[in-house]
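Quick note: residue numbers are just sequence positions, from 1.
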Amino acid sequence: MAKKKRGGHGDQGGFVTFTERLALPRRHRDRGRSAAGWRQLSCRGMPGPTPGRWALAASLLMLVSRPVDAEPLPAGFVRLRELAPSIAQDIRYATPFNFTGAAVPGYGRAECVLTREAANALVRAEKRLARQGYGLKLFDCYRPAQAVAAFNDWVKRPDAADLGRVFHPGIARGDLVAKGYIAGNSSHSRGSTVDAGLVRAGEAALPTPVDAGPCDGPLATRPRETSLDLGTSFDCFSDKSAFRHPGVASEARRNRETLAAAMAAEGFRGYRKEWWHFTLAKEPFPKTPFDFPIE
């Protein structure tokens, strides 16, 4: 949103945004006043913004940040970007760079959608990590049930695209279900599970990879997702993805522990076979999978 700026120094040289103007009493919002006038009137004993006005302003700002063609979400769900636009996202199943080698049904947009409770907990975890010089990177959030069904269908189709050399090196596609890497149901479909990585605070955003070596190979050749070593890349169907795998270097173990500790402190529980997988312990829909597409 464009901001109106005035000259000066310190507090007098601040900005007055559209949302600030809405939050002021109506008599201070006439078109003839300058930004300085709004600021001065609100500071000279005049009634300040009320909680109701700030709530309205916040709601309008959220609408502005939402994609204009975005579909409305079911009650209880939010787009994480509207609450925390600074949290990095690389929603892989909306791209061809995932184990199936193609964008997955249900992912019409690369957008992290979650229950409000899970999203708020993620915002708190991000703040906790920021105090340590780190941040989150989200690879998957809510997953439509149709996407889970597509994974199981993909396993049975030998003619389908496959990035096995990157994501499941050494494991045949037909063995992925038996080994527990692909399941008939997913906690992601309940809206309170995320796949998250760890980045350095302020780290430049990396584009979605287009190719790489094996996901459990050396840091320099596996998919480039962060400057930090976490032992494997995201969605790596390998024993090394287990949280406490003994073959993972000490630096990678520390990074996994930093991520897991921040998530646990805000109510998420991890999954011992996948260092990136976290589910909100007090999820609002513990027995209800959803299937609305991400649009």
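L219 and V248 fall into different hydrophobic clusters, where Ile, Leu, Val, Met, Phe, Trp and Tyr are joined by side-chain heavy atoms under 4.5 Å apart, directly or via other members. Residues M263 and L228 share a single hydrophobic cluster, defined by chaining ILVMFWY side chains whose heavy atoms lie under 4.5 Å apart. Taken together through direct or relayed side-chain contacts under 4.5 Å among Ile, Leu, Val, Met, Phe, Trp and Tyr, L206 and L198 form parts of separate hydrophobic clusters. If you chain together hydrophobic residues whose side chains sit under 4.5 Å apart, L80 and Y134 fall into the same group.
For the atom pair CG (L122) and CG (L138), the distance works out to 5.5 Å, reported to the nearest 0.5 Å. Rounded to the nearest 0.5 angstrom, I294 CD1 and E111 CD are separated by 8.5 Å. Between the CZ atom of R165 and the SG atom of C215 there is a distance of 11.5 Å, given to the nearest 0.5 Å. Note that CG of L129 and CG of L259 are 7.0 Å apart. Values are rounded to the nearest 0.5 Å. Atoms NZ and CG, on K137 and L230 in that order, are 11.0 Å from each other to the nearest 0.5 Å. Distance check, rounded to the nearest 0.5 Å: OG1 of T226 to CG of L136 gives 11.0 Å.
A donor-acceptor pair under 3.5 Å links the side-chain atoms of R222 to the main chain of G217, judged by distance alone. In this structure, T288 contributes its side chain and F285 its backbone to no donor-acceptor pair below 3.5 Å. Under a 3.5 Å cut-off, the side chain of E295 and the backbone N or O of R109 do not form any donor-acceptor pair. With hydrogens and angles disregarded, no donor-acceptor distance shorter than 3.5 Å links the side chain of E126 to the backbone of V123. A donor-acceptor pair is defined here as one N or O able to donate and one able to accept, closer than 3.5 Å; such a pair exists between the side chain of S241 and the backbone of C236. Side chain of Q89 to main chain of C112: a donor-acceptor pair is present (N/O by atom type, distance under 3.5 Å, no hydrogens or angles). Within the 3.5 Å criterion, the main-chain N or O of A145 finds a donor-acceptor partner in the side chain of D291.
Sorted by first then second residue, the salt bridge (Lys or Arg N to Asp or Glu O under 4.0 Å) pairs that include residues 140-155, not counting sequence neighbours, are D140-R143, R143-D195, D153-R157.
Between R92 and D90 a salt bridge is recorded (basic side-chain N to carboxylate O distance below 4.0 Å). For the pair E283 and R190, the salt-bridge criterion is met [side-chain N within less than 4.0 Å of a carboxylate O]. At a threshold of 4.0 Å, the pair E266-R128 counts as salt-bridged, since one of the basic side-chain nitrogens sits closer than that to a carboxylate oxygen.
For R224, the CZ atom is loosely surrounded, since the number of other residues' heavy atoms within 6.0 Å does not exceed 12. Other residues, nucleotides and ligands place no more than 12 heavy atoms under 6.0 Å from the CG atom of N185. Annotation for N120: atom CG counts as buried by contact number, over 12 foreign heavy atoms lying within 6.0 Å.
Take Y93 and apply the side chain to side chain donor-acceptor pair (under 3.5 Å) test, not counting sequence neighbours, and it matches D235. Listed by chain and residue number, nothing satisfies the side chain to side chain donor-acceptor pair (under 3.5 Å) test with D159 (two or more places apart in sequence, or in another chain). With sequence neighbours excluded, the residues satisfying side chain to side chain donor-acceptor pair (under 3.5 Å) with T279 are T193.
The two residues A252 and G231 have their closest heavy-atom pair at CB-N, 3.3 Å. Nearest heavy atom pair, residue R173 against residue W154, reads NH1-O, 3.1 Å. Residues R256 and A242 come closest through the heavy atom pair NH1-O, 2.6 Å. Contact record, S189 with V148: OG-CG2, 3.7 Å, taken as the closest heavy-atom pair. Across P144 and F292, no two heavy atoms sit closer than the pair CG-O, 3.6 Å. Across all non-hydrogen atoms, the minimal contact from D239 to H245 is O-CD2, 3.0 Å.
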Could you walk me through whether E117 and L280 pass the side chain to side chain contact (heavy atoms under 4.5 Å, CB included) check? CA-CA 8 Å; E117 292 84 349; L280 189 67; 3.8 Å; yes
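Neither side chain, H168 nor D175, offers a donor N or O lying under 3.5 Å from an acceptor on the other.
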For residues 271-278, which side-chain donor-acceptor pairs fall under 3.5 Å, sequence neighbours excluded?
unit_1: E274; atom_1: OE1; unit_2: W276; atom_2: NE1; d: 3.4
unit_1: W275; atom_1: NE1; unit_2: T232; atom_2: OG1; d: 2.9

Please table the atom pairs, donor to acceptor, closer than 3.5 Å between any side-chain atom in residues 97-104 and protein atoms at least two apart or in another chain.
unit_1: N98; atom_1: OD1; unit_2: T100; atom_2: N; d: 2.8
unit_1: N98; atom_1: OD1; unit_2: T100; atom_2: OG1; d: 2.6
unit_1: N98; atom_1: ND2; unit_2: T95; atom_2: O; d: 2.7
unit_1: N98; atom_1: ND2; unit_2: A102; atom_2: O; d: 2.9
unit_1: T100; atom_1: OG1; unit_2: A102; atom_2: N; d: 3.3
unit_1: T100; atom_1: OG1; unit_2: A102; atom_2: O; d: 3.0

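Classification of the F290-Y142 ring pair by plane angle, with boundaries at 30° and 60°, yields perpendicular.
Partner of T115 under the side chain to side chain contact (heavy atoms under 4.5 Å, CB included) criterion, out of C141, P284, P74: P284 alone.
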